[in-house]
Structure formats: structure tokens, C-alpha cells
Amino acid sequence: MNNEKDLEIIRHGLSHIMAAAVEELYPDVKFAIGPAIDNGFYYDFDFGKGKMSEEDLAKIENKMREIIKKDLKFEKSELKIDEAIARENKSGQAYKQELIEDLKKEGEKKVSYYKLGEFIDLCRGPHVGASGKLKSVGFKLTKLAGAYWRGDEKRNMLTRVYGVAFADKKELEDYLKMMEEAEKRDHRKIGKEQDLFSFHEEAPGMPFFHPKGVIIYNELKKFWLEAQKEFSYDMVLCPSMLDVSIWKQSGHWDHYKDDMYFIKAGEGEKAYALRPMDCPGAILIYNNSPKSYRDLPLRYAEPGLITRKEKSGQLGGLLRVQQFTQDDAHIFLTENQIEDEIKKVIALIDKIYKPFGLEYKAFLSTRPDDFMGEKKVWDKAESELKKILKDIYGDNYGLKEKDGAFYGPKIDYQLKDSLGRTWQCATIQLDFQMPGKFNCQYVDETGKEKYPVIIHRTIMGSFERFMGILIEHYAGVFPVWLAPAQIKIISVGEKHIEFCQKLSREFIKENIRVEVDGSDETVGNKIRKAVNEKIPYVLVIGDREMESVRLAVRDRGAREAREIDKNEFIKEVKNKIDNRE
RNA sequence: GCCGAAAUAGCUCAGUGGUAGAGCACUUCCAUGGUAAGGAAGGGGUCCCGGGUUCAAGUCCCGGUUUCGGCUCCA
């Protein structure tokens, strides 16, 4: 029992056993669904008014182990669909009843049940023969969470019990250890340890970047700016607060009002909104003078400060914040420039992601229910994006139904954090609506006025989110070009401090970031601190170094120092920085 | 917003109703060091905020804030 399919059956079996255990412990419980998932399983229960807490997990887990020990058979039976509906109705299992009614609508004629001891549950199967088969399996109930019935926030909140499960106990141990390691890479933890940023109650979900964090932030921004220039973008900067009227004009008032912050200085004063996105600013600049087809594609890029009111409970470190800087751009172009331009944007994404060695995947997001404009235009745009994705990625891209923006379909790029959760970073959005709403125009070859198409795009998504992903990607061991301190100079004794400072000035002149540790500590302790700070190069300076032009350099990760000529060393470090290594 | 949990020194955390603690960090002194923790002394607290119960609350109860794990959302 080792391959993925067997594991899925095991996990599914455990979820069934958990339901049986829960029924024994809480006879009034109502059952929803309990599937196998990556690394484990869950089951959604409705405990009614009964409160559950994490202490109950151990109780449920013990009961599960009892059931496994009893080696009960999973007995399959079938019922005609109407009989099944009647049974669930009679026993008051409303969620099961709804599930079966939906199956009936889909044309199912019968459903299968699996009985385990006294517990019987609607289930498609297959199952292992008997619960005793799971004796050697390694599993653990891990957490309790709320989950809406059918993922719909207007419906009941159920209690979801999560478990992890693997073929044997050793694999479970390995997995738990791996998760422990992953937690060490958490950007929030590293952000604290390395003094990169903090959060405060006075501005929830809005990061405060400390000096070392700003160094990384600025390096990322510099890299990004260079790439924009290379791809012929013009930079613009717009206010982050605009009159409410423009948000009514853009449609954000109707579609996005609940996620915006509004400002009114006083009675009778103008009402402003903090911008939740940058597009109206770019459009105002575009409209400031007449445009010709010769100007297109016109690319306005802006590292734009954005503020979004997130519902409580949705924030998370740097990955989900309320105020952030999007590495935004708005490209105004003609319809027949779309394919070419989107391919250019994708090339830019590759260029920016590549040096970091990040793994990413593209997704096509299609028309949402809450859309603006004509279906025909949407269909055309979607098929165009599909063709582009197919050209570039073959079948290796995903689909997110109904996940487009209200003004057009989009291509999203997802990156993973240390715990394997995915985050959208780059996005390329086609927009056929805003130009009309704002009367953006250009004059074509025949002198006729036409609406351009707008592409909204970001590459990193936001500097904040991208930085969070990178911290976890590197586990805080930043490449030389990003490292807040690139060199640490350690004095052996007091009489070497002055020489250390002189040396540090030489590095600073070469635009190398350097720190001197001249504290009253032993050399060993100072080295230990520098190593823990993950500084790429550590230099120990004593009598020997003062007497020659050679340096004792301890490279990050190395156990021993090497000797190198000072100028050669400077060249080596500068070379790494220039090549963004 | 919803379900569950957490909040104690700068950091990591201990403290089950009776005088607020440890390690690291910090300051000072001694030691003047050679590649992963030298020694000693000292300073540092709104125990998240507000109410309640109690002779007595960091600890129990209620409300709020923030953070964390999920759900939903994420233009």
C-alpha cells in the first residue's frame, strides 16, 4: 500500500472512521462531506449548538484507534436514489439529503452506502476491506476549522476536522518533521529574527519595514525598474487618493466599495477614496492629451501604493496586507496588438522570476458572474488568451473558472510559500470596459477615433508579497545582492577596531554593504552571531591582516576561512552583486 | 465576516487564584581575545485593552483589539 491511489483510499477510509468515531461521541451530529486531501483527510460536521475545541481532537482520535483495533468490515450496499433521500430525510441528515438530491438532478439512479459497525455513511467508495487494515497507517488529527457548507458563506458554518495520514508511522513522522522545518522558513519568523519588518496594532495589515528590510525592498524595486526600462515602459506616479466620483465612473464603487477606505476631511468637504488599484490614474494621464495609433502600445508603469480594506481574518504577514505597493502597469493598445503584447509581458515575467529560481504556474481566469460588458467580447478575449497560453505552455497551465476581474479575463501566476500554500503574484488582465467608461481614445490610420484595449499587469504582484515569498524561498539565506549586510568585519581585539573601520569605508566606497563588529566579545562568539545572521562573508581582522593586504574570508556555509588579496575579494563581491547572485 | 486558538521583559518562553520568572539580547566592570557561546554584576513589566467575580486576578467570566490556523473573499 504505497502509491497515491492506495493512499487516497487509506485517507478516505480514515475520514469515514473519524465520522464513525464522532457519531459515537456526539450522537446528535449531522454529517456533511469527508474527502481525502493532499497529505490527509477531513470531515465536515455540524455539531449544532455543541461547541468543539481542540481538546476534543484527542478524544476523537482515541475513538478512531479503537475502531481500527476492532477490525470492523466496510460493508457496501446500494439504495435507489429516492429511497436514499427518504432515509436521510427520516434521520434528519439534511446535508446528505441535499447531496443525494443533487445527484438525482445529475441523473443518478442509485447511490452506495458503506457500513462500518453501527455507522453507515453515503459513500462512493472504494474502501479498504476492514478498519483493521489501517493498523499500520500513521495518522494524526491536526486541527479544527470552520468551513461553510458547500463553500458558500451565506450557508451554515460547519466544523471541519483535519487529519494527516501516511502509509506508515515513519512517513508520518517524516512529514511532521518536514512541516516543522518549513515553519522555520516562515517569513514572519525570519522577518523578526533578521529585523526586517514588523506589524503594529495601530495599522493592522500594513507592514513597517525596518532598515534591513528596506534594503531588500529597494533592491527588488531597483531590479524591477531596470526591467521595465528594458521592456520600453514609461514610468508614471499618481496620487494614492482620488475623488470618489472617479470610482463611481470606473465601476469600482459598484463592484468594490466594501473593500475601500474613504476619507472626508470635514463637513461639506470633498470625499476621497484611497485607491484600491492604480488604473484610473494611468487613464487620466492617457486622456490628458490626444493619442495616435502611432503611440500604441503605450506602456505606463507605476510602483503604486494601494490600500484595500480586507475583512478581518484575511491578513497574513507580508503575503496578505491592507496597504502595499503594486508593481503595476497599464498598457494601452489596439486589438490586434494583444497577442504580441501579452507574449512580451510573459517574457518580462520570465525575466523577473528567473534569477530567483522560483517555480510558478499560469492560470486562465474566466468570466465571473458579476461581469461588465458583452458576453461576445468576453468569449473572444478568453479564446485569445487560451491560444497564447497554449502557444507558450502547451497544456501546462491551469484554469480558474469565473475568477476573472469584472472588466475582463486574466492570466494569473501562482507561487508557493513554505507551507505549500499558493499565492497569486503576477497577473495580466485584459480590459475592454474602462476605455469606454473613461472615453479613452486614439486616432487610427484612417483618422477615426477608436477605443484602445487596456492591459493591467503586475509581475511581482506587490513588492510586499513577493518579498514574503522570497524570504521563504531563500529561508532567510539571501543571495549576496539582496543580503542586507553583505560583509561582516570582526575585530580580534580592541586595537584592531580602527583598522576595521578604515577597511569598511573601502567597501562602502565600492557600494558594498558592510557591518563592523568591534564589541567586547570573543572572536568565536562574534563569528557565531554573524553566521546566525546569514551574512555572506565574514572577515576576521587581527594583527596578521593589519600587516598585509590579504584578508581572512569565511564564506557563508563554510567551516573554514580562506585567504585572498583584498582587491581581488572586492572584485569578486562586486561581480556577484552586478550579476545579481 | 465566520469557526477555532493565542497574546507575560527587545526575542523565545515558563508561570492552574496568594510577593511576576528563566535563557538569549542590553548596560557596566574584569578579561585583550584568531574562526559557532570567556567571567561577574546590573537595568528592564500597563502580564494586549476595558469591565466583572473574589478578601485577593497574569491566572476565572464577559466585551473589544491584534496575531495565528482554516472557511469565504482577494480587481
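Residue numbers start from 1 in every chain, and the chains themselves are labelled A, B, ... in the order their sequence lines are given, proteins ahead of strands.
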[X] and [Y]: side-chain donor and acceptor closer than 3.5 Å?
X: D327(A); Y: W224(A); value: yes
X: S418(A); Y: D186(A); value: no
X: Y95(A); Y: D44(A); value: no

Starting at [atom1] of [X] and ending at [atom2] of [N], how long is that distance when rounded to a whole Å?
X: M206(A); N: rU66(B); atom1: CE; atom2: P; value: 10 Å
X: F406(A); N: rC73(B); atom1: CZ; atom2: C1'; value: 16 Å
X: L141(A); N: rG70(B); atom1: CG; atom2: P; value: 16 Å
X: R160(A); N: rG69(B); atom1: CZ; atom2: P; value: 16 Å
X: K311(A); N: rG1(B); atom1: NZ; atom2: C1'; value: 6 Å
X: L539(A); N: rG34(B); atom1: CG; atom2: C1'; value: 13 Å

Heavy atoms only, 4.0 Å cut-off, all strands: where does [X] land among base, sugar-phosphate and nothing?
X: L315(A); value: sugar-phosphate
X: E193(A); value: nothing
X: Y162(A); value: sugar-phosphate
X: K143(A); value: sugar-phosphate
X: H255(A); value: base
X: D543(A); value: base
X: G542(A); value: base
X: A530(A); value: nothing
X: G404(A); value: nothing
X: G408(A); value: nothing
X: A147(A); value: sugar-phosphate
X: R421(A); value: sugar-phosphate
X: H252(A); value: base
X: G461(A); value: nothing

| field | For RNA chain B, the residues among residues 483-498 of chain A that have a non-hydrogen atom under 4.0 Å from it | value | V492(A), G493(A), E494(A)
| said: Heavy atoms within less than 4.0 Å of RNA chain B: which residues of residues 519-529 of chain A have one? Give them sorted by number. | reply: D520(A), E521(A), T522(A), V523(A), G524(A), N525(A), I527(A), R528(A), K529(A)
Taking OP1 and OP2 of [N], is either one under 4.0 Å from a side-chain nitrogen or oxygen of [X]?
X: K410(A); N: rA75(B); value: yes
X: S312(A); N: rG1(B); value: yes
X: R308(A); N: rC74(B); value: no
X: R554(A); N: rA36(B); value: yes

Nearest to side-chain heavy atoms of [X], which nucleotide of [options]:
X: A145(A); options: rG70(B), rG1(B), rG34(B); value: rG70(B)
X: N532(A); options: rU67(B), rA36(B), rG34(B); value: rA36(B)
X: K192(A); options: rU35(B), rA75(B), rU12(B); value: rU12(B)
X: R544(A); options: rG4(B), rG34(B), rA75(B); value: rG34(B)

Pair [X] + [Y], salt bridge at N-O below 4.0 Å:
X: K410(A); Y: E382(A); result: no
X: D403(A); Y: K400(A); result: yes
X: D258(A); Y: K309(A); result: no
X: K529(A); Y: D517(A); result: no
X: E193(A); Y: R188(A); result: no

For the side chain of [X] and the base of [N], is some donor closer than 3.5 Å to an acceptor across the two?
X: E201(A); N: rU67(B); value: no
X: Q314(A); N: rC74(B); value: no
X: R155(A); N: rC71(B); value: no
X: R320(A); N: rC74(B); value: yes
X: E545(A); N: rG34(B); value: yes

| query | Is R457(A) close enough and on-axis enough to Y233(A), meaning under 6.0 Å and within 45°, for cation-pi? | reply | yes
Gap in Å between the two [atom1] atoms, one belonging to [N] and one to [M], rounded:
N: rG58(B); M: rU72(B); atom1: P; result: 41 Å
N: rG70(B); M: rG51(B); atom1: C1'; result: 31 Å
N: rU32(B); M: rA25(B); atom1: C1'; result: 23 Å
N: rG23(B); M: rA56(B); atom1: P; result: 34 Å
N: rA6(B); M: rC60(B); atom1: P; result: 10 Å
N: rC49(B); M: rA40(B); atom1: P; result: 35 Å
N: rA36(B); M: rA41(B); atom1: P; result: 27 Å

| Taking the inter-plane angle between the rings of H252(A) and W247(A) on a 0 to 90° scale, is it parallel (under 30°), tilted (30 to 60°) or perpendicular (over 60°)? | perpendicular
| request: Check the angle between the aromatic planes of F166(A) and Y175(A) and answer parallel, tilted or perpendicular using the 30° and 60° thresholds. | output: tilted
| Can you list the steps and then say if Y26(A) with F47(A) is a ring-ring contact (aromatic ring centres under 6.0 Å, His included)? | CA-CA 8 Å; Y26(A) 312 90; F47(A) 289 100; 5.2 Å; yes
Paired with [N] by Watson-Crick or G-U wobble geometry, both distances under 3.5 Å: which nucleotide is it?
N: rG50(B); value: rC62(B)
N: rA41(B); value: rU27(B)
N: rC68(B); value: rG4(B)
N: rC13(B); value: rG21(B)
N: rA56(B); value: none

| said: Is the distance from the ring center of F208(A) to that of H200(A) below 6.0 Å? | reply: yes
| message | Before you tell me yes or no, could you show the steps for D259(A) and K311(A) under salt bridge (Lys or Arg N to Asp or Glu O under 4.0 Å), namely the whole-Å CA-CA distance, both residues' side-chain angles and the distance that decides it to 0.1 Å? | response | CA-CA 8 Å; D259(A) 298 313; K311(A) 290 183 204 157; over 6 Å; no
